[in-house]
Amino acid sequence: MEKIRTAIGLMSGTSMDGIDVALLRTDGRAVVERGPSLGVAYEPAFRDRLKLALEQAKIITRREQRPGELASIERELTLRHAIAVREFLAANALDASAIDVIGFHGQTVLHRPDEALTVQIGDGALLARETGIPVAYDLRANDMVHGGQGAPLVPVYHAALAVNVADATLPVCFVNIGGISNLTYIGADGVIVGYDSGPGNTLIDQWVETHAGVPFDQGGMIASEGRVIQDLADRYLNSPVFTVEKRRSLDRNDFPAPSGADAELADGARTLAYVAAASIIKSSGHLPVRPTLYVICGGGRLNRVLMQDLKDLAQSQGAKVIAAEEAGFNGDSMEAEAWAYLAVRSLDGLPLTFPGTTGVRAPVSGGVVVKP
Ligand SMILES: Nc1ncnc2c1ncn2[C@@H]1O[C@H](COP(=O)(O)OP(=O)(O)OP(=O)(O)O)[C@@H](O)[C@H]1O
Ligand SMILES: CC(=O)N[C@H]1[C@@H]2OC[C@@H](O2)[C@@H](O)[C@@H]1O[C@H](C)C(=O)O
């Protein structure tokens, strides 16, 4: 029997809303025991620092470069992760010595898969020193070295969940609606296909922040007062992203925010919720078989308008949509759990990515492991 390790996963996603922390006991293979989780929100001032980091990262041509304030933002980000770990351990009466490894995603500040360039800021050695726990980080880079897109990485974890917990329902499609959305298809024959499916919450967040001064459309309340502007929706849904033969990973900047002239507040939020839902269904046309069950995780599942659109569109194809919780999972912590799982696989040199997920030439492992 393989060694079972206790791992913490840390995710700071493209929405830049905060740090998700989750505990997992796993052998990095079939054994997956999900533990507690915690969300630690960033205050608006730090989100502004991250937005500055995204701007300043645009001139990076080599991944180790840290122009402008990137080095100091990287340090602040890392120290915030260390605090989040300490809070998590205290809240669950755990000692650092009980944790074998931390899987540290960091913050993506630049992702240009066509140039084989992806940059996640986050200092793994500093996090290891601050927490006293070994850290596995920079999990995307080796995939790119071997011809992959560097994302998405969660499919191997979705597959472990599907096979272990939901095997009665294969084939299944997991969809993560974060800043960008990504999906994983697990076929009845065990085949795994994954790619980024389109815009998720980022466009909605940008829209309501600019026009209503709020960071996101809670529950889809704003959208629920509006109507879909089809021309605006089509502008996104006609993007070549949906028709290219080889599906790729996406960057926040791939879908520019609409301008104030395009819509008024509620119609804009309504249209962008529809775009997020329709992008998923449109993207699922690239899968080997149209899924009959979608399991939804990520913050977008809490936008009721988006979820209803998704249910309606899926139903018209005879498919069912359920939130992660209805399948017994935690839709808020799934990505953080995935980073814990990937960290354990990294320790054991097991593949993180596959030709069917990132387009990598052959399955490869990855990550840098640092001891405290
Ligand atoms: N109660 C809610 N109602 C509506 N939307 C919500 C709610 N809570 C969170 N969200 C949306 O979910 C987003 C955060 O989602 P999540 O944490 O899954 O993204 P992420 O992990 O940052 O992104 P990614 O998966 O792209 O890396 C928020 O920015 C917001 O748009
Ligand atoms: C480069 C990068 O950070 N990509 C993220 C982003 O956010 C969602 C989507 O785009 C996905 O491809 C990926 O994150 C998830 C966790 C992944 O790698 O599986």
Side-chain angles (χ1 to χ4, degrees), residues 9-22 37 39-42 47 50 54 57 63 103 105-113 117-122 138-141 143-144 148-159 174-184 194-209 214-224 247-255 269 272-273 276 296-307 323-324 330-339 341-342 352-353 357-358 366:
L10 298 174
M11 169 55 68
S12 180
T14 44
S15 301
M16 304 190 297
D17 58 337
I19 302 167
D20 291 321
V21 188
S37 61
V40 181
Y42 294 138
R47 291 184 69 165
L50 291 179
L54 260 52
R63 60 196 311 273
H105 178 266
Q107 181 69 48
T108 296
V109 292
L110 184 80
H111 186 62
R112 293 199 191 125
L117 183 63
T118 189
V119 183
Q120 286 72 44
I121 56 169
D138 208 11
L139 295 165
R140 300 189 188 277
D143 176 76
M144 274 196 166
Q149 296 262 314
L153 265 59
V154 290
V156 69
Y157 180 61
H158 286 156
F174 283 77
V175 185
N176 164 47
I177 312 178
I180 291 167
S181 62
N182 56 286
L183 58 77
T184 307
Y195 47 80
D196 287 353
S197 41
N201 297 296
T202 296
L203 289 173
I204 303 170
D205 290 355
Q206 288 170 332
W207 179 257
V208 299
E209 185 161 39
V214 291
F216 61 94
D217 182 9
Q218 183 140 18
M221 287 294 285
I222 299 174
S224 69
R247 290 305 303 260
R248 57 188 291 271
S249 66
L250 298 170
D251 183 49
R252 261 177 79 96
N253 298 324
D254 286 335
F255 295 96
L272 295 172
I296 315 298
C297 56
R301 79 194 188 292
L302 303 172
N303 181 323
R304 284 192 283 274
V305 174
L306 193 170
M307 276 297 268
N330 180 336
D332 289 324
S333 62
M334 205 180 280
E335 286 190 335
E337 290 166 22
W339 246 256
Y341 185 74
L342 290 165
L352 310 184
T353 54
T357 60
T358 60

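Atoms within each ligand, like the ligands themselves, are counted from 1 in listed order.
Atoms CD1 and CG, on Ile121 and Asp138 in that order, are 12.5 Å from each other to the nearest 0.5 Å. The line from CG of Leu153 to NE2 of His105 is 7.5 Å long, rounded to the nearest 0.5 Å. Atoms CE and CD, from Met11 and Glu337 in turn, are 11.5 Å apart once rounded to the nearest 0.5 Å. Between the CG atom of Asn303 and the CD1 atom of Ile177 there is a distance of 8.5 Å, given to the nearest 0.5 Å. To the nearest 0.5 Å, atoms CD (Glu335) and OG1 (Thr14) are separated by 7.5 Å.
No donor-acceptor pair closer than 3.5 Å links the side chain of Asn182 to the backbone N or O of Pro152. Thr202 places a side-chain N or O within 3.5 Å of a backbone atom of Gly179 that can act as its donor or acceptor partner. In this structure, the side chain of Asp217 engages the main chain of Ile222 through a donor-acceptor pair within 3.5 Å. Checked by atom type and distance alone, the side chain of Thr357 never pairs as donor or acceptor with a backbone atom of Gly194 at under 3.5 Å. When atom types are taken as modelled, the side chain of Arg252 and the backbone of Ile180 share no donor-acceptor pair closer than 3.5 angstrom. Judged purely by atom type and a 3.5 angstrom limit, Gln107 uses its side chain to pair as donor or acceptor with the backbone of Gly13.
Among Arg252, Arg140, His111, His158, the residue whose heavy atom sits closest to atom 13 (C) of ligand 2 is Arg140. Comparing heavy-atom distances from atom 12 (O) of ligand 2 across Asp196, Asn182, Asn176, Leu352 singles out Asp196 as nearest. Nearest to atom 13 (C) of ligand 1 by heavy-atom distance, out of Pro215, Gly300, Ser15, is Ser15. In this structure, of Asp143, Thr353, Thr14, the residue bringing a heavy atom nearest to atom 6 (C) of ligand 2 is Thr14.
Residues satisfying the salt bridge (Lys or Arg N to Asp or Glu O under 4.0 Å) test with Asp332, not counting sequence neighbours, are Arg301.
By the 3.5 Å distance cut-off applied to N or O atoms, Asn176 is counted among the residues near ligand 1. Checked against a 3.5 angstrom limit, the closest N/O atoms of Met11 and ligand 1 fall outside it.
In terms of protein heavy-atom proximity, atom 7 (C) of ligand 1 is closest to Phe216 CE1, 3.4 Å. Of the protein's non-hydrogen atoms, the one nearest atom 14 (C) of ligand 1 is Asp17 OD2, 3.2 Å. Atom 3 (O) of ligand 2 has Thr108 OG1, 2.5 Å as its closest protein atom, hydrogens excluded (heavy atom only). Here the heavy atom of the protein found nearest to atom 21 (O) of ligand 1 is Glu335 OE1, 3.1 Å. Looking at atom 18 (O) of ligand 1, its nearest protein heavy atom turns out to be Gly299 N, 2.9 Å. The protein non-hydrogen atom at the shortest distance from atom 23 (O) of ligand 1 is Gly179 N, 3.1 Å. The protein non-hydrogen atom at the shortest distance from atom 17 (C) of ligand 2 is Leu153 N, 3.2 Å. Protein heavy atom closest to atom 1 (N) of ligand 1, with residue, atom name and distance, is Leu302 CB, 3.6 Å. Looking at atom 16 (C) of ligand 2, its nearest protein heavy atom turns out to be Glu335 OE2, 3.3 Å. Here the heavy atom of the protein found nearest to atom 4 (C) of ligand 1 is Asp217 O, 3.2 Å.
Here the rule is side chain to side chain donor-acceptor pair (under 3.5 Å) with Ser249, and of His111, Arg140, Arg112 only His111 fits it.
Proximity to Val154 (heavy-atom distance under 4.0 Å) selects the following atoms of ligand 2: 16 (C), 17 (C), 19 (O). Here is the list of ligand 1 atoms found below 4.0 Å of a heavy atom in Ile180: 26 (O). Counting the atoms of ligand 2 from 1 in the order shown, those under 4.0 Å from a heavy atom of Trp339 are 16 (C), 18 (O). Short contacts between ligand 1 and Gly298, defined as distances under 4.0 Å to a heavy atom of the residue, involve ligand atoms 18 (O). Shown in contact with Met11 at under 4.0 Å from a heavy atom are these atoms of ligand 2, numbered in order with element: 16 (C).
If you look at Thr14 next to ligand 1, the close heavy atoms, those under 4.0 Å, come from the backbone and the side chain alike. Contacts between Asp205 and ligand 1, counted as non-hydrogen atom pairs separated by less than 4.0 Å, involve the side chain only. When non-hydrogen atoms are compared, ligand 2 lies under 4.0 Å from neither the backbone nor the side chain of Ser249. Residue-level proximity to ligand 1 for Asp332 is absent, since no heavy atom of it falls below 4.0 angstrom.
Under the 4.0 Å criterion applied to side-chain N and carboxylate O atoms, Asp254 and Arg248 are assigned as salt-bridge partners.
Residues Ser15 and Asn201 have side chains that never bring a donor and an acceptor to within less than 3.5 angstrom of each other.
Remark: distances from the non-hydrogen atoms of Gly219 to ligand 1 include one below 4.0 Å.
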